*Asks:* 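Could you have a look at this structure, given as structure tokens, before my questions?
When a ligand or atom number is given, it counts from 1 through the structure's own listing order. This is a predicted model, so every value here is computed, not measured. When a residue number appears, it is its place in the shown sequence, counting from 1.
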Amino acid sequence: MSHSSPAVERVAQFEVTYTQYLDPEGQPRAPLPDFAQDAEELRRMYRAMVQTRAFDKKAVVLQRTGRMGTYAACLGQEAIGTAIGCALRAEDIFIPAYREYAAQLLRGVRMRDILLNWGGDERGMHYEGCAIRHDFPLSVPIGSHVPQAIGVAYALKLRREPRVVLASCGDGATSKGDVYEAISSAKVWNLPLVFLISNNQWAISLPRGRQTGAQTLAQKAFAGGLPGEQVDGNDVIATRAVLAAAIERARSGGGPSLIEAITYRLHDHTTADDARRYRNEAEVQEAWQRCPVKRLKQHLEARGLLSASDEAALQQEASAFADQAAEEFLATPPASPAAMFDHLYAQLPKQYEWQRQEALARGLKPGH
Ligand SMILES: [Mg+2]
């Protein structure tokens, strides 16, 4: 029997790109997109990042002083939320995980409501008084909200509405079946959908390298037939530009995309976590060099768009903004203790009915 080579030919090949406009010192690496030529627009983005950071810090203080149950800080990830908030139109639908508070701030959510939610009061996710009430609530379970984006995007397509769904999740969620299933369906139906993965390098205590053997998370798109790419998630200009392109492609019938935004979680996973137990402090210090707020600040300063007095005024405003959110949260009367029973069933089963009555009779307060 003679040895022969089988006929092997390449049937597909894929490439993952990584986009960055600003280096960690805020220096442009390429000509900037149009929105970044606009000084007012850049200042608006910077303001959102500064306000988000101040809010985040205040929220951690509220938890540490026993006035809020738990909180997932977005420290170091402010650029991603800001990019989402700027790239989406009001009529688009945002299906968040958590940590994208800057997007919610820019979409008009009252920050008091974010605090209410983390305080265990689901009225916070009603988005009352917010023009954009069609966004989804924060999703704490990992990845289970991503398939819901398929249903929402499918509805928009059926109704022929030129709106886009953006579903965000973390690096850990990309190992969940829910996310794979959503990726698998999105292109088959050519949905107006963008998946955004905030790869902050840690899924609670599990480092990115142990989350998956895949070289990138962006490449998970390819199995579903979607374009997948990486962007520097600490570069707000790059993240907004890449997101805007994917969103407008989806809006014009070009179908879904997946974007992996590379960032770093500078805080603990939540206030219920202590990252010092599993993570090297040198790694965290090194990540601070890539801080997204510092990067845009240095860029604005280099262009003469942010003076020392502008910065001082912004910081003062942000601090007052965070204080105001906290005051509004603390001044909100507690929900009725019956509320925890009210949305579980169309008709409350008997075994819960007496518990509901007893909760009302005892006047239980949330958290007690
Ligand atoms: Mg993560």
Side-chain angles (χ1 to χ4, degrees), residues 16 18 52-53 56 59-60 63 70-84 94-104 114 118 136 138-147 149 166-180 182-183 194-221 228-236 239 242-243 258-288 290-293:
V16 178
Y18 172 81
T52 302
R53 182 157 289 190
D56 202 56
V60 172
Q63 191 281 334
T70 189
Y71 178 72
C74 71
L75 188 66
Q77 302 180 220
E78 297 90 345
I80 295 173
T82 300
I84 294 170
F94 179 38
I95 302 186
Y98 45 89
R99 297 194 217 281
E100 294 97 1
Y101 309 119
Q104 295 179 306
I114 306 289
W118 285 112
F136 275 43
L138 300 184
S139 180
V140 173
I142 300 303
S144 57
H145 61 296
V146 182
L166 190 148
S168 58
C169 67
D171 42 302
T174 67
S175 294
K176 294 289 295 286
D178 311 66
V179 174
Y180 280 107
I183 289 171
V194 177
F195 298 109
L196 175 72
I197 301 165
S198 292
N199 176 1
N200 68 7
Q201 312 305 325
W202 289 90
I204 311 187
S205 56
L206 194 69
R208 158 64 184 86
R210 288 178 59 204
Q211 183 63 238
T212 171
Q215 192 178 350
T216 70
L217 304 180
Q219 74 200 57
K220 298 192 177 196
E229 62 182 299
Q230 285 187 337
V231 66
D232 183 341
N234 285 8
D235 172 355
V236 71
T239 308
V242 166
L243 263 179
L258 184 148
I259 295 160
E260 177 188 1
I262 309 292
T263 184
Y264 192 87
R265 193 194 79 207
L266 291 169
H267 202 266
D268 299 327
H269 169 68
T270 66
T271 49
D273 174 44
D274 179 1
R276 291 171 303 181
R277 294 178 63 186
Y278 54 80
R279 173 167 94 166
N280 186 326
E281 184 56 25
E283 176 185 304
V284 181
Q285 288 311 315
E286 198 264 326
W288 269 104
R290 300 189 301 278
C291 165
V293 180

*Asks:* Does any N, O or S atom in Asn199 come within less than 2.8 Å of the Mg ion (ligand 1)?
*Replies:* no
*Asks:* Classify the ring geometry between Tyr98 and Trp118 as parallel (under 30°), tilted (30 to 60°) or perpendicular (over 60°).
*Replies:* perpendicular
*Asks:* Is it the case that atom CD in Gln215 sees more than 12 heavy atoms from other parts of the structure closer than 6.0 Å?
*Replies:* no
*Asks:* Have a look at Asp171 and say which of its N, O or S atoms is nearest the Mg ion (ligand 1).
*Replies:* OD1
*Asks:* Find out whether Arg265 and Arg279 are in side-chain contact, i.e. whether some heavy atom of one side chain is under 4.5 Å from a heavy atom of the other.
*Replies:* yes
*Asks:* So, is Ile204 placed with an N/O/S atom under 2.8 Å from the Mg ion (ligand 1), counting both backbone and side chain?
*Replies:* no
*Asks:* Centres of the Trp202 and Tyr278 rings: under 6.0 Å?
*Replies:* yes
